[in-house]
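All values below come from the heavy atoms of this structure, side chains included, with hydrogens, waters and symmetry mates left out. Since the structure is predicted, the reported quantities are computational estimates derived from the model, not experimental observations.
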Amino acid sequence: MKIFKNIHKIPYIEYITLGVILFISIYIRFEGIITKSFPYTYDIGRDLLVARDIATFTKFPLIGQTTGLPGFFYGPSWHYILGLIYIPLQGDPVLMTGFIAFTGVLMVFLAYILGRKIDGKYLGLTLAGLLGFSPVVVSLTSQIWNPTLIPIFWILTLITIYAFSKKKSSYILSFMLGVLLSLILDMEIVVGSLFLIGTAVFVLLAFRKLLQPRNLLAGACGFIFILLPRIFFDLRHQNILSKTLIEGIKSMFFGGHGQGVDIAMLKHKLEIIFELWSDTLVLKNSTIGMVLLIGVVAIVALFYKKSTKNIQLFIKFTSLVTLVTIVGVLFFGHDIWPHYLVALPLLFVLLVSLALTLIFKLKNFKIISIIVFLFLIIINLQPLEKIKNFGKPVWVGNAAVYRNQEEVVDYVYKNAGTEKFKYIVYTPPVHDYTYQYLFTWYGGKKYSNQPTMISPKLLFVIVEPDPQFPLRVTEWLKSRENDGKIIKEEKMKSGIIIQTRTLTPDSK
């Protein structure tokens, strides 16, 4: 693509600055992965089990995980992506999380390339720096979770829009745009729906003179291409997905009961969105966040008309998609979860970067723009805090941290020795997908042994903490009093308790 043309002509000082941004971006994303301190939850275990089935040609699903609508499912693209990387990465959760982090770093690099094409090195470095160091964006690109691929698809969407703006007509780009929007929808349905609406409206308005029937058809084909597995599933199951979707849409906005607008709920949601703005850009400082918000709005309003066509194009895009997302979330008839908002931090960073570029281009204001950019970088990175904590013991975390569950599996195998054993788990999500995966993948790989239900001599009872419902743990353990004889009990630093029990023929 022409967007990468002349990249070899970039000045060395710019290369060095970009190199520093990428190095720090890599460090803050991979630090937790290297120490195995990343989240390892019910959802991740479930997805890895499905990815293993795909990679081993055991099962090829037509649908993915459930959405917030009972009976309606995501498409399987997330699982197929995991299945594709499963083979070269040998199913290792550490390496697979590293792949997600790599896509986050790649997104930072592509943001630099795009920003440089839009308006030069300052926008490129600013956009890369803020995306690279924002704690919200870093968190989003450091775990195995379907919304974590939205950033890379988001930046590819922006690149496609930029490339589209430089061509008179392109059905290939239209097809790519359709695929990307459909993939984002497949990663998170609320985010994807609102991003799809905002982007589609923008493209139809901004490029209406360029759009030809073949472009629209190509875009529709790209979008439907990703939907095909679900379409096949729907046709095979009496249109169950279509019926559920229609009913869900009816009840989704305003609760479907004609209750009108709940002012208190709107206020609460606006507070959540503003908190996300502050979390993304100024590390939860609401005062600085408000000053920054007012400043960005004022800068865009005052200097928009004096900016280049490229900057105007992306200000329009960012403003429209952000507005559609916020309005959609405000009138969404349910509570909003953090994963409904994963596109907003990316849009916030883009808008701030464009605003800083506007004042950078003003005579005698360059230094102010640079100072504000460096201030945002420092407040997000907290370098003094990182230096202070350097060399301190690794964060322990809780039962949902990968290292802690791996420690449990190691403990079980070391105590079982050569004896046959089985295990049972109490975990708040009920399903023990994380342990199912670890015992088969990690246990099988490292210890060449698997739990068995055939004449086991030992039973390991694994109990994860349940601080919200501690009585459930008590009741669960009480119901298993006769499952063997407890010979040993160990409480790990994570709070996970492991009981080693011997089994008699009657208790097996």
Side-chain angles (χ1 to χ4, degrees), residues 1-31 101-135 137-138 141 151-152 155-156 158-159 162-163 166 280-283 292 295-296 299 303 306-315 318 346 348-387 390:
M1 295 177 74
K2 290 184 178 180
I3 193 168
F4 295 103
K5 189 178 179 181
N6 298 325
I7 191 173
H8 61 284
K9 296 182 180 179
I10 296 174
Y12 284 114
I13 187 65
E14 193 175 343
Y15 262 136
I16 294 171
T17 306
L18 176 62
V20 171
I21 290 173
L22 292 175
F23 175 79
I24 297 175
S25 298
I26 292 169
Y27 174 77
I28 58 182
R29 282 168 174 79
F30 280 85
E31 181 184 19
F102 168 76
T103 66
V105 176
L106 178 61
M107 180 264 300
V108 172
F109 175 72
L110 293 177
Y112 161 75
I113 298 296
L114 176 64
R116 202 177 197 282
K117 285 293 181 179
I118 292 173
D119 199 73
K121 60 185 177 183
Y122 180 79
L123 177 56
L125 294 173
T126 302
L127 186 56
L130 294 180
L131 286 172
F133 305 155
S134 167
V137 179
V138 170
T141 53
I152 188 67
I155 198 66
L156 290 172
L158 297 190
I159 289 173
Y162 175 82
K166 300 303 174 185
T280 301
L281 296 159
V282 290
L283 204 64
L292 181 65
V296 167
I299 290 167
F303 304 113
K306 296 180 181 179
S307 60
T308 63
K309 289 183 178 180
N310 281 343
I311 287 187
Q312 287 182 2
L313 181 76
F314 280 93
I315 286 178
T318 310
L346 306 170
F348 290 160
V349 168
L350 179 57
L351 186 60
V352 170
S353 300
L354 291 168
L356 289 176
T357 302
L358 287 177
I359 58 174
F360 180 81
K361 296 170 74 69
L362 297 174
K363 190 176 181 180
N364 301 324
F365 278 83
K366 281 184 172 58
I367 188 65
I368 294 176
S369 180
I370 293 172
I371 290 173
V372 172
F373 169 65
L374 292 176
F375 173 77
L376 293 177
I377 292 297
I378 291 171
I379 199 173
N380 280 312
L381 275 181
Q382 295 284 292
L384 294 179
E385 193 68 22
K386 281 185 170 53
I387 292 172
F390 186 78

Subject >> Expected output: side-chain Thr126 to main-chain Ser353 donor-acceptor under 3.5 Å >> reply: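 Between the backbone of Ser353 and the side chain of Thr126 there is no qualifying donor-acceptor contact (under 3.5 Å).
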Subject >> Flag if over 12 foreign heavy atoms under 6.0 Å of NZ, Lys306 >> reply: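 For Lys306, atom NZ is not crowded (no more than 12 foreign heavy atoms under 6.0 Å).
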Original post:
Is the number of heavy atoms from other residues, nucleotides or ligands under 6.0 Å of Phe30 CZ greater than 12?
Top reply: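 Yes, CZ of Phe30 has more than 12 neighbouring heavy atoms, counting only those of other groups under 6.0 Å.
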Subject >> Pairs involving residues 362-383, ordered by first then second residue, that meet ring pair (Phe, Tyr, Trp, His ring centres under 6.0 Å) (sequence neighbours left out) >> reply: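 Every candidate ring pair (Phe, Tyr, Trp, His ring centres under 6.0 Å) pair involving residues 362-383 fails, so no pair, neighbours aside, qualifies.
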**OP:** Just do the side-chain contact (heavy atoms from CB on, under 4.5 Å) check on Leu110 and Leu158 with the steps written out, would you?
**Re:** CA-CA 10 Å; Leu110 293 177; Leu158 297 190; over 6 Å; no
With heavy-atom distances below 4.5 Å as the criterion, would you say the side chains of [X] and [Y] are in contact?
X      : Y      : result
Leu130 : Phe348 : no
Thr141 : Val108 : no
Leu127 : Tyr112 : no
Thr17  : Lys121 : no
Asn310 : Lys166 : yes

Original post:
What are the two closest non-hydrogen atoms of Ser307 and Gln312, and how far apart are they?
Top reply: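 Heavy atoms of Ser307 and Gln312 come nearest at OG-CG, 3.1 Å.
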**OP:** Measure up the Tyr27 and Phe23 rings against each other and bin them: parallel (under 30°), tilted (30 to 60°), perpendicular (over 60°).
**Re:**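 Because their plane-to-plane angle is under 30°, the rings of Tyr27 and Phe23 count as parallel.
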